[in-house]
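These notes concern the structure reproduced below.
A, B, ... follow the sequence lines: proteins, then strands. Residue 1 opens every chain.
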Amino acid sequence: MLDPQILRNDLEQTATRLKHRGYDLDVTHWQSLEQQRKTVQIETESLQNKRTTISKSIGKAKAAGEDVQPLLDEVAAIGDTLDASKEQLKAIQAEMELVTLYTPNLAHESVPVGKDEDDNVEVRQWGEPKSFDFEVKDHVALGERRQGLDAESAANLSGSRFTLLTGEMAQLHRALAQFMLDQHTTHHGYKEYYVPYLVNAQTMQGSGQLPKFADDAFITEDERYLIPTAEVPLTNLVADTILEEAELPIKMTAHTPCFRREAGSYGKDTRGMIRQHQFEKVEMVQVVHPDHSFDALEEMTGHAEAILQALELPYRVMVLCSGDMGFSATKTYDIEVWLPAQKTYREISSCSNCVDFQARRMKARFRSPEVKKPQWVHTLNGSGLAVGRTLIAVLENYQQKDGCVLVPEALQGYMGGKTVINVA
RNA sequence: GGAGAGUUGGCCGAGAGGCUGAAGGCGCUCCCCUGCUAAGGGAGUAUGGGUUAAUCACUCAUCGAGGGUUCGAAUCCCUCACUCUCCGCCA
């Protein structure tokens, strides 16, 4: 949720900045709502005040044994007008709330203005894409051996966009998640959480998935949502709370499955396990003091990078342009890992600073000794990393001519000492 | 799934139709006293919104959420959510 003050005081500029994000704010509509709101609210509140005043005097008059009938007559006249005024105010406020709930965050000044992913800007690269002296296979081809990656069985069980892993593939997948969690908890200062995978609508709204993106999520019959990312439960842990400044920063990590409908991505990434309805992710979330959120974003991106560096997987870091960012973010770095079979970099992590956008939706605040009023915290989230995609990256980057796959040194301890898998 | 109890400010806790935005305590802030420490005395201390250039100003809302009764609701009624206890079931 944007600061209502900037919509009131700086409407034109805000509309322009929203346009950079591909969002058209109906300025005239908003202005008219705002104007109506003001008139009706003042009217309602003054009627309310009048009624309360008279009601109180009725109490006093009764206690004094006076005749209250004249006062009752007077207050009766207010009733209908007040009710009508209240209804009107409610309707206006509901409409304004809807607009604010559907309005994305503003892009930070440091974010390049652009339309889509083609306008994202590379920030840095790490590692050299390895050259192979043989024809490289993609992860699907590599996974066919020993049926380690069995798309057909998954399709039979559940439909398209599901994956079944067996044997060493499943073990490697598990090893990756364990390794990531351990890195974040022992080296990067995050506390590990185990969280619910089903959340209510309120929680989904707090982090920005609802109401606008209802179609992207799976919903249960009793109206709970399967989490699309652990960001949702983790971030909402501070919903409706006033923290002490000393409690900040809060750094949380969790390994969870993520569920996404992937509505509107028909035909995209249909081969292999790049885009799935269900995938594993290790997520990082930080709740920080507003002065430090941009530093925290750099730090958190570094934490995700550290995983790739430990796995010796080449990657590049992109800063997303205004038009390509997610709804709640003010600035996002995508980390893209090198996939030799596609001869391209593919997203494996996304780290975002949401500043006070989610905090306002969730009512997450903190109190500092210097400032009397509670202030909004800033929230950040980042993948560290998407486990399925990391598996793909390991398979493709560590493949050998004969189709077996070397186990990255950092993972060997998690693989029972194995140095190579997928041997024919 | 069944039966019962509960949900009040940062925390604990009173409150039973008007004088309650809410006693009291804890915590916190400021002041006084006390040669350290402990203790004592006084004052202050909810959140959100609106009006305003801004406020020491005025005002509205909020006692789990949403409805209702009433001139007036933390207090009465209804629905829902959550917590706790007991029973049942279950990994």
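- Within the structure, ring-ring contact (aromatic ring centres under 6.0 Å, His included) pairs that include any residue of residues 355-394 of chain A comprise A/His289-A/Phe366, A/Phe327-A/Phe357 (at least two apart or interchain).
- Sorted by first and then second residue, the pairs that involve residues 230-255 of chain A and meet salt bridge (charged side-chain N to carboxylate O under 4.0 Å, His left out), not counting sequence neighbours, are A/Lys251-A/Glu299.
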Sequence neighbours left out, cut at 3.5 Å: what donor-acceptor pairs do the side chains of residues 70-83 of chain A make with other protein atoms?
from    : atom 1 : to      : atom 2 : distance (Å)
A/Asp73 : OD1    : A/Gln69 : NE2    : 3.0
A/Thr81 : OG1    : A/Ile78 : O      : 3.3

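- Residue pairs meeting the ring-ring contact (aromatic ring centres under 6.0 Å, His included) criterion with at least one member in residues 4-50 of chain A: none, sequence neighbours excluded.
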For residues 204-216 of chain A, which side-chain donor-acceptor pairs fall under 3.5 Å, sequence neighbours excluded?
from     : atom 1 : to       : atom 2 : distance (Å)
A/Ser207 : OG     : A/Thr203 : O      : 3.4
A/Ser207 : OG     : A/Gln209 : OE1    : 2.8
A/Ser207 : OG     : A/Asn236 : ND2    : 3.4
A/Lys212 : NZ     : A/Tyr102 : O      : 2.9

Below 3.5 Å is the cut-off: list the nitrogen or oxygen pairs between protein and nucleotides 18-23 of chain B, distance only.
from   : atom 1 : to      : atom 2 : distance (Å)
B/rG18 : O6     : A/Lys62 : NZ     : 3.2
B/rG18 : N2     : A/Ser55 : O      : 2.6

Identify each atom pair where a protein N or O and an N or O of nucleotides 66-70 of chain B are less than 3.5 Å apart, giving names and distance.
from   : atom 1 : to      : atom 2 : distance (Å)
B/rG67 : OP1    : A/Lys90 : NZ     : 3.1

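- Applying the ring-ring contact (aromatic ring centres under 6.0 Å, His included) definition to pairs two or more places apart or across chains, none involves residues 225-256 of chain A.
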Do any side-chain atoms of residues 403-421 of chain A form donor-acceptor pairs under 3.5 angstrom with protein atoms, and if so which ones, sequence neighbours left out?
from     : atom 1 : to       : atom 2 : distance (Å)
A/Gln412 : NE2    : A/Val407 : O      : 3.0
A/Tyr414 : OH     : A/Asp182 : OD2    : 2.6
A/Lys418 : NZ     : A/Gln171 : OE1    : 3.1

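- Remark: the separation of the P atoms in B/rC56 and B/rG40 is 34 Å, to the nearest Å.
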N/O-N/O pairs, protein side and nucleotides 52-55 of chain B side, under 3.5 Å:
from   : atom 1 : to      : atom 2 : distance (Å)
B/rU52 : OP2    : A/Lys38 : NZ     : 3.2

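- Here A/His303 pairs with A/His188, A/Tyr190 under the ring-ring contact (aromatic ring centres under 6.0 Å, His included) rule; sequence neighbours left out.
- For A/Lys373, taking side-chain heavy atoms from C-beta onward, the closest of the listed nucleotides B/rG50, B/rG48, B/rC60 is B/rG48.
- As judged by a 4.0 angstrom heavy-atom cut-off over every strand, A/Pro4 is placed among residues making no nucleic acid contact.
- With sequence neighbours excluded, no residue forms a side chain to side chain donor-acceptor pair (under 3.5 Å) with A/Thr39.
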